[in-house]
Protein chains: 2
Amino acid sequence: MGMETSIEGSRREATGTQCIQRSFAIVRLLAGGDCDGEKLVDIAGSLKLSHPTAHRILKALEQEGIVERASGTQRYRLAAETAWLGVAPFNRCPITRLAVPTLEDLAQKTGDSIFLSVPSHNDSVYADRRFGNFPLQAQRIKVGARRPLGVSIGGRVMLGFMGEERLANTMRQNAERFADWHCSDATVLAGVEAARAQGYLSEDSLIDPGRHVLAVPVRDVVGRAVGAISIIAPTARLKGERASRLLPLLRAGARDVAQALGRQRMSA
Amino acid sequence: MGMETSIEGSRREATGTQCIQRSFAIVRLLAGGDCDGEKLVDIAGSLKLSHPTAHRILKALEQEGIVERASGTQRYRLAAETAWLGVAPFNRCPITRLAVPTLEDLAQKTGDSIFLSVPSHNDSVYADRRFGNFPLQAQRIKVGARRPLGVSIGGRVMLGFMGEERLANTMRQNAERFADWHCSDATVLAGVEAARAQGYLSEDSLIDPGRHVLAVPVRDVVGRAVGAISIIAPTARLKGERASRLLPLLRAGARDVAQALGRQRMSA
DNA sequence: ACGCGATTTTCCGCGATGTGGAAGATTTTT
DNA sequence: AAAAATCTTCCACATCGCGGAAAATCGCGT
């Protein structure tokens, strides 16, 4: 476990439905967990819910088929069937399907870890990943894992190309959550600016000291970011001359994915 | 709109959380809708919710980024970001990704409409579809659309290979909903039996008179159905000699997908 | 295998939270 | 432009969800 995904993240005029907020906070929390699942106490702890409350909601989610118990244990994880709730929107923008060959190609050519991130509400999500042959790979970052949008390098790159309004909204709504990830407003904004200026972002990994990240945006026809491709490798492998050799590769990959997406739009 | 997805479908000892049931009933309802979205009245009507209640829940879902308004209009549909809630479970069983080549191949070879269905809780979901070149295609069936498991032909085939226990559970929990789709317990069970006996099922389409359906299961290593591939075409095109020529094609397709899934498991 | 601490689950009275009728905006149709 | 339909806000009520406490269960260590 670990990640503090406080439920207060989206500070709203509480009018509405408390338990819907709580339910989806749980769903989002589980969305990032690995398939071993999370313990009730941890879920309750992270979201600052009482144990009975967390239990009751999880039970309801289980009845709805959204959540299941990892076989044997009584740990909770997202049910396989949750995947199918999103098929319709997914098919409207099947970026992960279209990106597969590109990601594999990049992983093979660079030998390092390649990630595809997508924006999701106020989070960035790792939508897919491929590993290369180099011994040290970023295994710790799971597909489905979420960060407040702006925390991960890929997230900052995306924020840079999602419009002023959304940038402002996200910064406001994620303000409190950034602290949990040891990064400030200023750091995030600096990254966003750099991404806008250069068209990419290169920074040390926050969660994984000794690793470096290089990220480029995937932009749709209008220029809006719909994702980001990033490469993660030991710092030594991503500095200086090699970095400048890798950058065009990443950019070409991002362009390919964008084009595949554009073609898709036509036929749908 | 149309489909009556009564919230009472899963008659439960109501203790728990009413509004979670309602929220996900709405999400499931929208999951099947096309990208034009659904009107508030229709949503409220289908689920027998008061307008203010439906409105309040939808507003909450919108704040959570689960639901959005179709551009311009004020109709509700699932937000693109919903797709990313399910990426982790999806990557545990990426059947739709792996099935793409097979579906395309089948559509191209047969010229008709090919569908991939997956089981999701008490529903079957159309997870993907491909059209062939023949003029009449099953355009009305949208990707993401849901039926009570057992209503669609693909659903019956899957039910046949999901174990006695699940079959019994599903039959019990879907009993009331079958009526909405003009099919009885007996019809469903007959189909299930036939599917078990033959390894496939061939029946007239219920929702689309004049069309016929031929479906085969996609089974995992243990033999459990994880999906179904079906072909839909005007009845004349799916009878007699042509049907027996198509069946092996479908079966081969299902086997290919199953094998791809098996290979996937290894590497994960 | 046994026992003890940690975790999950049930119970239940309180009250905050969600509810739906009715009325007021807004959009769409005629 | 008027009318109909739909969407949204308001508000008083009571239902539904809340969380403290206790019971049942799990699982870890010896």
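The figures here come from the full heavy-atom set of this structure, side chains too, leaving out hydrogens, waters and symmetry mates. Lettering follows sequence order; numbering is per chain, from 1. If you're wondering where the values come from, they're calculated on a predicted model, not measured in any experiment.
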Could you tell me the separation between the CG atom of B/Leu47 and the P atom of C/dG20, rounded to a whole number of Å? 13 Å
Toward the 5' end of DNA chain C, which comes first, A/Arg69 or A/Ile20, by nearest nucleotide? A/Arg69
Partners of B/Glu164 by side-chain contact (heavy atoms from CB on, under 4.5 Å), sequence neighbours excluded? B/Leu167, B/Arg196
Between A/Gln74 and D/dG27, is there a side-chain N or O to OP1/OP2 distance below 4.0 Å? yes
With sequence neighbours excluded, tell me which residues meet side chain to side chain donor-acceptor pair (under 3.5 Å) with B/Ser113. B/Gln137
Rounded to whole Å, the NE2-P distance (B/His51 to C/dT27) equals 18 Å
The answer to which of B/Thr73 and A/Val41 contacts DNA chain C further toward the 5' end, by nearest nucleotide, is A/Val41
Report the distance from atom CZ of A/Arg75 to atom C1' of C/dT7, rounded to the nearest whole Å. 11 Å
Donor-acceptor pair, distance only, cut-off 3.5 Å: does the side chain of B/His51 make one with the backbone of B/Ala44? no
Think A/His55 has a side-chain N or O under 4.0 angstrom from the OP1 or OP2 of C/dT9? yes
Could you state the NZ-P distance from B/Lys48 to C/dT19, rounded to the nearest angstrom? 17 Å
Rounded to 10°, the angle between the first-five-pair and last-five-pair axes of the helix from C/dA1-D/dT30 to C/dA23-D/dT8 is 60°
Suppose we screen for salt bridge (Lys or Arg N to Asp or Glu O under 4.0 Å). Which residues come up paired with A/Arg211, at least two apart in sequence or across chains? A/Asp208
Please produce a list of atom pairs where a protein N or O lies less than 3.5 Å from an N or O of nucleotides 4-6 of chain C.
none

Taking only residues two or more places apart in sequence or in another chain, which ones pass side chain to side chain donor-acceptor pair (under 3.5 Å) with A/Ser184? A/Thr187
Partners meeting side chain to side chain donor-acceptor pair (under 3.5 Å) with B/Ser152 (sequence neighbours left out): B/Ser124
With sequence neighbours left out, what residues match A/Arg224 under side-chain contact (heavy atoms from CB on, under 4.5 Å)? A/Asp220
Protein-proximity profile, nucleotides 18-23 of chain D, B/S/- by nucleotide at the 4.0 Å heavy-atom cutoff, equals BBBB--
Answer yes if the side chains of A/Thr53 and A/Arg22 hold a donor-acceptor pair under 3.5 Å, and no otherwise. no
Can you list everything that forms a side-chain contact (heavy atoms from CB on, under 4.5 Å) with A/Ala258? Sequence neighbours excluded, please. A/Val218
Using atom CG of B/Leu61 as one end and atom C1' of C/dG18 as the other, report the distance to the nearest whole Å. 14 Å
So ring pair (Phe, Tyr, Trp, His ring centres under 6.0 Å) across residues 21-40 of chain B, not counting sequence neighbours, yields A/Phe24-B/Phe24
Which residues share a salt bridge (Lys or Arg N to Asp or Glu O under 4.0 Å) with A/Arg77, sequence neighbours left out: A/Glu68
What's the CD-C1' distance between A/Glu38 and C/dT8, to the nearest Å? 16 Å
Using atom CG of B/Leu58 as one end and atom P of C/dT19 as the other, report the distance to the nearest whole Å. 12 Å
Send over the distance from B/Leu40 CG to C/dA25 P, rounded to a whole Å. 19 Å
